[in-house]
Amino acid sequence: MPIKNHQYNSILREYDARRLKSHREAMARREEVYLKIPRLKEIDDAIAHGSVQSAKLSLSGSPEALSSLREKNNALSAEKGALLVAHGYPEDYLKPKYFCPDCSDTGFIGREKCHCFQQAIVDLLYSQANVRQAIEKENFDTFSYAYYPDDYIEESVKTPPREHMHHVVARAKEFIADFDTKPGNLLIYGNTGVGKTFLTNCIARELIFSGHTVIYLTAFELFDILERRKFTRQTEQEEEYSEAADQFTHIRDCDLLIIDDLGTELNNTFISSQLYQCINERLLGKKATIISTNFSIDQLKNNYSERIFSRITGNYTVLKIVGEDIRLRKKLF
């Protein structure tokens, strides 16, 4: 994933800061526990001494002594864990708590970039800091069915909005659970303010936290990138062309592309052709896409080409969200 040196270095500095923070916090927990359980410091000192002895024995070639020392260290580690649990601490309380346990906040697994590093590059290239902030607030833990009425039947779905929303969320969670084995696509539609973006943020958070690269773009942002890639002259505006080309590569290849608010862009022949290309290439590459829109199914059919409508309806799970504008309901609660 080509990025500029200063961008790459800024990501590495962030990883250094994360590791430093986690180790400082671990040291503070260690000092706290040593005061309450002095035996733990004795164990840690003995394990550290044993590690030095183990290194020496490895060089001298004494397998029996080395095996005996390893057994002793294992017994000390077991005693350490038991002491922590007996005093009400988790067994791993003294270990650093990494943001990404897969790479221990190094950004790499072996020589390969970790999934978290790949996502950091995507976040930087697409200025997705606002998405990171949104998914901390808008996720399945903070989701509430209370904003969906249950005192009337919504004719379009034949059930109360709250009951129907339970069905929609269940389908969204199936999409997440099947993501690696049966990649699919979602079309989420409904009136303004019924929670479409909130639901896509819930899905995005789960997939980012499970190691997948996610790009979140409004329809306007997507087509701006596609337009710059198409019409910027490579010879005259090399840097801008290269940036747009790199962004298109990520849009095509990321694990999940979210296109929010389809229909808010100024539609024309160029937009339709670019949307079809984007959707089609991701389908061919078996890459998942979520599209959210205020348009009804009929409006999608009337506003986009038959090819686009056919690709969406034939390859996407369609989820309609019904109810009232949640922002207005929140003011009434």
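We count residues from 1, following the sequence as given.
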Going by the rule side-chain contact (heavy atoms from CB on, under 4.5 Å), which residues pair with [X] if we only count those two or more places apart in sequence or in a different chain?
{"X": "Pro183", "value": "none"}
{"X": "Lys301", "value": "Glu306, Phe309"}
{"X": "Thr192", "value": "Asn294, Arg327"}
{"X": "Ser22", "value": "Pro96, Tyr98"}

* side-chain contact (heavy atoms from CB on, under 4.5 Å) between Ile135 and Ile208, intermediate numbers included -> CA-CA 10 Å; Ile135 64 177; Ile208 288 173; 4.1 Å; yes
* Which residue pairs pass the side chain to side chain donor-acceptor pair (under 3.5 Å) test with at least one member in residues 275-287, sequence neighbours excluded? -> Gln277-Glu281, Asn280-Arg311, Arg282-Thr289
* Tell me, please, whether Phe108 has Lys113 positioned over its six-membered ring: NZ or CZ under 6.0 Å from the ring centre and within 45 degrees of its axis? => no
* To do: Find out whether the Lys NZ or Arg CZ of Arg205 is both under 6.0 angstrom from the six-membered ring centre of Phe209 and within 45° of the ring's axis.
  => yes
* Could you please spell out the steps behind the side-chain contact (heavy atoms from CB on, under 4.5 Å) verdict for Glu79 and Ile43? => CA-CA 8 Å; Glu79 182 187 354; Ile43 293 174; 3.7 Å; yes
Side chains of [X] and [Y]: do they bring a donor and an acceptor to under 3.5 Å?
{"X": "Thr213", "Y": "Asp255", "value": "yes"}
{"X": "Asp261", "Y": "Thr293", "value": "no"}
{"X": "Lys137", "Y": "Thr142", "value": "no"}

Residues in ring-ring contact (aromatic ring centres under 6.0 Å, His included) contact with [X], at least two apart in sequence or another chain:
{"X": "Phe220", "answer": "none"}
{"X": "Tyr93", "answer": "Tyr89"}
{"X": "Tyr316", "answer": "none"}
{"X": "His167", "answer": "His164"}

* Is Ile259 reachable from Phe223 through a run of I, L, V, M, F, W or Y residues, each pair having side-chain heavy atoms under 4.5 Å apart? -> yes
* Asked: Which residue pairs pass the salt bridge (Lys or Arg N to Asp or Glu O under 4.0 Å) test with at least one member in residues 84-104, sequence neighbours excluded?
  -> Asp92-Lys97
* What pairs with Glu136 under salt bridge (charged side-chain N to carboxylate O under 4.0 Å, His left out), at least two apart in sequence or on another chain? -> none
* Can you name the residues that form a salt bridge (charged side-chain N to carboxylate O under 4.0 Å, His left out) with Glu155, not counting sequence neighbours? -> Lys158
Between [X] (side chain) and [Y] (backbone), is there a donor-acceptor pair under 3.5 Å?
{"X": "Asn201", "Y": "Glu138", "value": "no"}
{"X": "Ser272", "Y": "Ser305", "value": "no"}
{"X": "Asp105", "Y": "Phe99", "value": "yes"}
{"X": "Glu324", "Y": "Pro149", "value": "no"}
{"X": "Tyr15", "Y": "Phe117", "value": "yes"}
{"X": "Ser310", "Y": "Arg307", "value": "no"}

* Arg39, CZ: over 12 other non-hydrogen atoms inside 6.0 angstrom -> yes
